[in-house]
Amino acid sequence: MQIHAGERFEFGENWSRFLRVLDDERINEAKKSLRTMLGVDSLTGKTFLDVGSGSGLFSLAARLLGATVTSFDFDPKSVACACELKRRYFDGDSDWLIHEGSVLDRDFLVGLGKFDIVYSWGVLHHTGKMWQALENVVASVASEGQLFIAIYNDQERISERWAALKRIYCSGFWGRQIVKAICIPYFVLPAFALDLYKRRNPLRIYSEYKKQRGMSKLHDWYDWLGGYPFEVAKPEEIFDFYRERGFELQRLITCGGGLGCNQFVFVKC
């Protein structure tokens, strides 16, 4: 109903298309991303909660690294993506559980238990109630456990303009066409012109993009353009929020004040 009312992007539909291009190289990059941010070589013996599992790629990566994984998503098509990856790589595995549920449902989260690692990359700002979602995941983190989240950077008026474009994109067929006609050239043409000027292959940025967490530039574009609901926060706001709740910042990667997500790894003291 939210999708038909123009209040929510079809995240699961986009991720189901992403699975068509998923390969071993992308999976290895996802594993590398987890190892680097969490500061580990292996997740053997750890429990891992994927909050808003999307394509299921990072649930798969965590399972391949040895974790016992629980995945959930609000979008049934995203749940289906995780189920498909489990079927492909861990069919029948009792150490990877997949649910349909919402991070805004506190009773649901409590029922899942506590985890050594709670992971939610680029999800909590799409719930429509970001601060409640940020609060709700606190109880899911075990003592001395890690919380790995990524939240859209607050660019103030620029963010407000992006929010308006996202609402138009989700309003229906013509809204999508208008936003794509405006924004795809905005994304493509400057880099294309620079590559031609420097005599570089203009397609290299698409082939190399998979080195960023194993993702696909095209599918990330659509996720960005349609990603609604949409909320943002400054890095210091997230830092202060979790410090007040007994977390210590372990690792931080910002987007340099620009467009994108700031990544945080906290430890629950």
Side-chain angles (χ1 to χ4, degrees), residues 15 22 24 26-73 78-79 81-103 105-106 108-124 133-151 212-215 238-239 242-243 245-253 261-269:
W15 293 130
L22 183 63
D24 289 344
R26 293 185 190 279
I27 293 168
N28 286 333
E29 290 296 335
K31 290 163 60 180
K32 178 181 176 182
S33 168
L34 287 180
R35 288 197 302 264
T36 299
M37 288 298 292
L38 297 173
V40 298
D41 293 322
S42 169
L43 295 179
T44 300
K46 301 289 187 180
T47 53
F48 184 97
L49 177 63
D50 192 352
V51 177
S53 53
S55 67
L57 172 57
F58 285 86
S59 292
L60 172 62
R63 187 69 194 95
L64 288 168
L65 289 171
T68 299
V69 175
T70 299
S71 316
F72 76 87
D73 203 291
S78 290
V79 175
C81 287
C83 289
E84 171 60 17
L85 290 188
K86 180 179 177 180
R87 185 195 65 78
R88 292 184 194 178
Y89 295 93
F90 286 95
D91 195 21
D93 183 16
S94 61
D95 285 333
W96 183 358
L97 303 178
I98 302 169
H99 304 279
E100 182 179 332
S102 170
V103 69
D105 185 341
R106 297 175 74 99
F108 169 74
L109 282 178
V110 169
L112 296 178
K114 295 182 180 292
F115 296 82
D116 298 313
I117 301 160
V118 174
Y119 174 87
S120 190
W121 209 105
V123 172
L124 305 181
L134 289 164
E135 177 70 56
N136 285 359
V137 297
V138 169
S140 298
V141 186
S143 179
E144 301 184 0
Q146 292 172 291
L147 174 64
F148 178 3
I149 61 173
I151 299 294
Q212 299 184 35
R213 305 175 55 250
M215 304 308 291
I238 300 297
F239 171 74
Y242 281 111
R243 181 182 58 181
R245 287 155 178 79
F247 286 80
E248 180 179 303
L249 183 64
Q250 186 178 53
R251 186 171 177 81
L252 169 65
I253 297 179
C261 287
N262 299 311
Q263 301 181 65
F264 307 82
V265 178
F266 292 99
V267 176
K268 191 173 188 179
C269 303

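Position 1 is the first residue of the sequence; numbering continues from there. Fair warning: this is a prediction, and the values are worked out from it, not measured in the lab. Scope of the values below: all heavy atoms of this structure, side chains included, with no hydrogens, waters or symmetry mates.
In this structure, the side-chain contact (heavy atoms from CB on, under 4.5 Å) partners of E248, at least two apart in sequence or on a different chain, are C269. Looking at residues two or more places apart in sequence or on another chain, you find a salt bridge (Lys or Arg N to Asp or Glu O under 4.0 Å) between R243 and D240. With sequence neighbours left out, the side-chain contact (heavy atoms from CB on, under 4.5 Å) criterion links A61 to A30, K31, L34. Partners of S53 under the side chain to side chain donor-acceptor pair (under 3.5 Å) rule, at least two apart in sequence or in another chain, do not exist in this structure. Partners of D41 by side-chain contact (heavy atoms from CB on, under 4.5 Å), not counting sequence neighbours: none found. Applying the ring pair (Phe, Tyr, Trp, His ring centres under 6.0 Å) rule to Y242 yields the partners F247, F266; only residues at least two apart in sequence or on another chain are considered. Under the side chain to side chain donor-acceptor pair (under 3.5 Å) criterion, T44 pairs with S42, not counting sequence neighbours. Residues satisfying the ring pair (Phe, Tyr, Trp, His ring centres under 6.0 Å) criterion with F90, sequence neighbours excluded, are absent altogether. By the side chain to side chain donor-acceptor pair (under 3.5 Å) test, D73 pairs with no residue at all, sequence neighbours left out. Residues meeting the side chain to side chain donor-acceptor pair (under 3.5 Å) test with R106, sequence neighbours left out: N136.
If you take CG on L49 and CD1 on I117, they are separated by 10.5 Å, rounding to the nearest 0.5 Å. Once rounded to the nearest 0.5 Å, the distance linking CG of L60 with OG of S55 reads 9.0 Å. With rounding to the nearest 0.5 Å, the separation of CD1 in I98 from CZ in R87 is 12.0 Å. The structure places CG of N262 at 6.5 Å from CG of L252, a figure rounded to the nearest 0.5 Å. Put simply, CG on L112 and OG1 on T47 are 11.5 Å apart, with the number rounded to the nearest 0.5 Å. Taken to the nearest 0.5 Å, the CD1 atom of I238 stands 5.0 Å off from the CG atom of L134.
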Per-pair distances, 0.1 Å, donor-acceptor, side chain in residues 140-149, under 3.5 Å, sequence neighbours excluded:
{"from": "Q146", "atom 1": "NE2", "to": "L38", "atom 2": "O", "distance (Å)": "3.2"}
{"from": "Q146", "atom 1": "NE2", "to": "Q250", "atom 2": "OE1", "distance (Å)": "2.6"}

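Within the 4.5 Å cutoff, no side-chain heavy atoms of L43 are placed close to those of D116. Residues M37 and I253 form a side-chain contact, since some pair of their non-hydrogen atoms from C-beta on lies under 4.5 Å apart. Within the 4.5 Å cutoff, no side-chain heavy atoms of W121 are placed close to those of L57. Inter-residue side-chain proximity for T70 and F48 is flagged as unmet; no heavy-atom pair is nearer than 4.5 Å. For the pair F58/Y119, a side-chain contact is recorded, criterion being any heavy-atom separation below 4.5 Å from C-beta on.
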Which is it for L65 and K46 under the side chain to side chain contact (heavy atoms under 4.5 Å, CB included) test, yes or no, and what are the steps along the way? CA-CA 10 Å; L65 289 171; K46 301 289 187 180; over 6 Å; no
In sequence, state the C-alpha distance, the side-chain angles, and the governing distance for W96 and L85, and then conclude on side chain to side chain contact (heavy atoms under 4.5 Å, CB included). CA-CA 11 Å; W96 183 358; L85 290 188; 4.1 Å; yes
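The backbone N or O of A139 sits less than 3.5 Å from a side-chain atom of K114, completing a donor-acceptor pair.
Closest of all the heavy-atom pairs between V123 and G52 is CG2-O, 3.3 Å. Among all heavy-atom pairs drawn from W15 and S78, the shortest one is CD1-OG, 3.9 Å. Here the closest heavy-atom approach between residue G101 and residue F72 is recorded as O-CD1, 3.4 Å.
Residue pairs meeting the salt bridge (Lys or Arg N to Asp or Glu O under 4.0 Å) criterion with at least one partner in residues 88-99, sequence neighbours excluded, are R63-D93, R63-D95, E84-R88.
Of the candidates S71, S59, S120, S59 is the only one forming a side chain to side chain donor-acceptor pair (under 3.5 Å) with D50.
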